[in-house]
Amino acid sequence: MNPTAPSLSRRPARRFWGWGAADAALNAKEQATIAQMINLLGGRYAELPPPDVSQFNLPPPRVAVPASLAAMFSQTPLDRLNHSYGKSYADCARMWLRSVPRPPDWVAFPDDEQAVVDILDWATHHNVAVIPFGGGTSVCGGVEPAVGDSYAGAVSLDMERLGRVLEIDPISRAARIQGGAFGPDIEAQLRPHGLTLRHFPQSFEFSTLGGWIATRAGGHYATQYTHIDDFVESTRMVTPAGVMQTRRLPGSGAGPAPDRLVLGSEGTLGVITEAWMRLQHKPRFRASASIRFADYFAAASGLRALAQSGLNPSNCRLLDPMETVFAGVGDGSHAVLVLGFESADHPVQAWMDRALELVRDHGGSFDAAAVARSMASEDSAEHRQGAAGAWRDAFVRMPYWRDPAVGLGVIMDTFETAVTWDRFEAFYNAVRQDVQAAIERVTGQECMMSCRITHVYPDGLAPYFTIAAMGSASGDVASALAAWRDIKLAANAAVVGHGGTVTHHHAVGRDHRSGYEVEVPGLFRQMLAGNKAVCDPGGILNPGVLFDGRGRVGGASGALGG
């Protein structure tokens, strides 16, 4: 292989070894923040040269591509590395170790839906595993070609060329969008029509509509419109057995909903090529507030009051005291609630006023003048100032902070879940205790652990935990990765064992299989396997995600070493 051969990808260059844009750099303040954290953990900060393509010795492809498809296939080292892993801690650590023993044999870039059909037909007849690939932002082992030795090869199917908004229905306020469309491209194509999808996961810049649907991604809204599910009107999915197109309807009671089988299927039943999505008008009126609480569980009670009030704030994220330090909006002495309202139709002052009454009743304090400024004028950007703006900036940039820390032997990872309100206090304390104990047991080091509540519902909430610890006293990346495997399994067991879900919006992938198989009834998994047998009789689609691949029983392979 020629290490300098050009990539077939048309998207801006990305880091194959970490998060985001290839030319992204940390500013001085961000570097100081990382250095301070590593010092607190007992490590030592240093700038390391990142992995380079020339440092990887990839095995040659095991399978030949037919001449009729060859123009869409790439075997360049950069394309194969970009599609070898997602963006989890373990993925980043293995890149720092220059360890990619199982890259995809080929990366395919289909030009249209017929090309997807042709590639799946070829792969089925030649026993080649196919891993559907959107933006590659999975943090749970969802796009890794770790398919074992029972397949002739593995192809990563990159959907980036199917990235257009094909049709807009302004009357029903919906659009038909191709599955490979990235978040910014969707918004850019809708903007001239005065419409927006308004689904903003943390990965928004680098992830695709098809990926959001396949993983049931969580987005911008903390209440009401919390998942991509809420915006899906109909879907079109190519499977090895044929194409399934569902009907556009605002709702239906005609048996189990077909779209619900597509949502969360994680590339195991088919490839999502199009979807009709419900749209909104761009918000014009906004208000934001940063509310401090001395007592974290009193803050959680205030959060529950908001969730059950019917006010439906767009942003309603509660940061525990340690999380305020990570986000740069506090010193660890108080919990902070970042609260926001928005509307395309009407001013939101009445909603904010009532919300502030509720949080005040639970011990919350806030700067009334700053709240007033946030809704001072239509289309104002004031709502992005202060703690709310600082949190938003940190939220977008935080994945970049992790990359250099991982190379220095720091385990920096997140896990998220959801639980009902009646269990929350005991759940929060028990999960923290279990996971901290696991970290200290396997690393011999103390850790930093924080939590933010990302989404709230009338009956429960979604806690999102962040952990940081030195993987070993020496700062060795291999030791840290080995320790992470035990920590990840402990976190899966803790959230499910104490009554939560193994994942609220990060999907199952390979890394959450141990919790998924406890959480989901065995009979349902057998029913889902029946669907898999119909859609994908050759078992070629994303083996190891949700289902075992051919010749493998007892869980997934990949970062967890199964």
Side-chain angles (χ1 to χ4, degrees), residues 112-113 116 134 159 162-201 204 207-239 243-265 269-286 310-315 341-348 351 378-379 455 457 505:
D112 52 30
E113 184 178 273
V116 175
M159 297 293 288
L162 282 76
R164 292 186 297 135
V165 174
L166 299 172
E167 189 176 350
I168 293 176
D169 173 1
I171 305 299
S172 307
R173 213 170 58 174
R176 181 164 66 101
I177 307 172
Q178 291 184 304
F182 287 89
D185 295 333
I186 293 172
E187 293 300 320
Q189 293 176 73
L190 294 177
R191 194 173 298 119
H193 303 273
L195 295 168
T196 174
L197 178 58
R198 201 124 185 92
H199 178 77
F200 297 129
F204 169 77
S207 53
T208 65
L209 176 66
W212 299 342
I213 294 172
T215 61
R216 300 184 66 189
H220 166 77
Y221 290 103
T223 69
Q224 194 175 18
Y225 302 117
T226 58
H227 276 74
I228 196 65
D229 308 36
D230 302 311
F231 300 113
V232 172
E233 191 177 60
S234 74
T235 55
R236 184 174 176 87
M237 183 172 73
V238 175
T239 81
V243 177
M244 185 176 80
Q245 169 73 64
T246 67
R247 180 171 293 192
R248 283 188 65 200
L249 294 167
S252 171
D259 289 318
R260 292 292 167 182
L261 194 62
V262 178
L263 285 154
S265 56
L269 303 180
V271 181
I272 299 163
T273 56
E274 294 179 14
W276 274 95
M277 304 299 295
R278 300 181 178 98
L279 306 178
Q280 303 172 65
H281 292 297
K282 179 184 175 183
R284 297 161 51 216
F285 304 96
R286 295 181 174 88
L311 293 170
N312 293 324
S314 58
N315 198 358
F341 288 88
E342 61 185 31
S343 172
D345 178 74
H346 52 264
V348 293
W351 283 259
E378 188 177 322
D379 290 321
H455 301 77
Y457 306 89
H505 59 267

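Here the structure is a predicted model, which means the values were calculated and not measured.
Remark: side-chain polar atoms of Arg216 are not paired, donor with acceptor, to backbone N or O of Gly264 under 3.5 angstrom. Checking side-chain atoms of Thr215 against main-chain N and O of Gly211 turns up a donor-acceptor pair under 3.5 Å. A donor-acceptor contact shorter than 3.5 Å links the side chain of Arg284 to the backbone of Ala344. In this structure, the side chain of Gln224 does not engage the main chain of Ser314 through any donor-acceptor pair within 3.5 Å.
The two residues Arg286 and Glu342 come nearest to each other via the heavy atoms CG-CB, 4.0 Å. Closest heavy-atom contact between Gln280 and Tyr221: OE1-OH, 3.1 Å. Smallest separation of non-hydrogen atoms from Phe231 and Arg198: CZ-O, 4.1 Å. Between Ile213 and Ile228 the shortest heavy-atom distance is CA-CG2, 4.0 Å. The minimum heavy-atom distance linking Pro258 with Met244 is given by the pair O-CE, 4.1 Å. The shortest non-hydrogen separation linking Gly134 to Thr208 is CA-OG1, 3.5 Å.
Separating the OG atom in Ser343 from the CG atom in Asn312 is a distance of 12.0 Å, to the nearest 0.5 Å. Between Ile186 atom CD1 and Arg164 atom CZ the span is 13.5 Å, to the nearest 0.5 Å. Between His199 atom NE2 and Leu279 atom CG the span is 13.5 Å, to the nearest 0.5 Å. With rounding to the nearest 0.5 Å, the separation of NE2 in His227 from CG in Asp230 is 8.5 Å. Residue His193 holds its NE2 atom at 12.0 Å from CG of Asp169, rounded to the nearest 0.5 Å.
For Arg248, the CZ atom counts as densely surrounded, since its 6.0 Å shell holds more than 12 non-hydrogen atoms of other residues, nucleotides or ligands. Atom OH of Tyr457 has more than 12 heavy atoms from other residues, nucleotides or ligands within 6.0 Å.
A donor atom on one side chain and an acceptor atom on the other are found under 3.5 Å apart for Thr273 and Glu113. Looking only at atom types and distance, the side chain of Thr235 has no donor-acceptor partner in the side chain of Glu274 under 3.5 Å away.
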Leu311 and Phe341: CA distance, side-chain angles, deciding distance, side chain to side chain contact (heavy atoms under 4.5 Å, CB included) verdict: CA-CA 9 Å; Leu311 293 170; Phe341 288 88; 4.0 Å; yes

From CA spacing to verdict: side chain to side chain contact (heavy atoms under 4.5 Å, CB included), Glu233, Met277: CA-CA 5 Å; Glu233 191 177 60; Met277 304 299 295; over 6 Å; no

Step-by-step side chain to side chain contact (heavy atoms under 4.5 Å, CB included) determination, Phe200 to Glu187: CA-CA 10 Å; Phe200 297 129; Glu187 293 300 320; 4.1 Å; yes

Check against side chain to side chain contact (heavy atoms under 4.5 Å, CB included), Trp212 and Leu197: CA-CA 12 Å; Trp212 299 342; Leu197 178 58; 3.8 Å; yes

Ring pair (Phe, Tyr, Trp, His ring centres under 6.0 Å) assessment of His505 paired with His455: CA-CA 10 Å; His505 59 267; His455 301 77; 5.3 Å; yes

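Side-chain contact between Trp276 and Ile177: absent, with no pair of heavy atoms (C-beta onward) separated by less than 4.5 Å. Side-chain contact between Ser207 and Phe182 is absent, with no heavy atoms from C-beta onward closer than 4.5 Å. Within the 4.5 Å cutoff, the side chain of Ile272 has no heavy atoms near those of the Arg236 side chain. Residues Arg278 and Arg173 fail the side-chain proximity criterion, which asks for heavy atoms closer than 4.5 Å. Side-chain contact between Arg176 and Ser234 is absent, with no heavy-atom pair separated by less than 4.5 Å. Within the 4.5 Å cutoff, side-chain heavy atoms of His281 are placed close to those of Leu195. With a 4.5 Å cut-off on side-chain heavy atoms, Leu190 and Val165 count as touching. You'll find the side chain of Val271 stays beyond 4.5 Å of the side chain of Met237, heavy atoms only.
By the side chain to side chain donor-acceptor pair (under 3.5 Å) test, Thr239 is found to be paired with no residue, residues two or more places apart in sequence or in another chain being considered.
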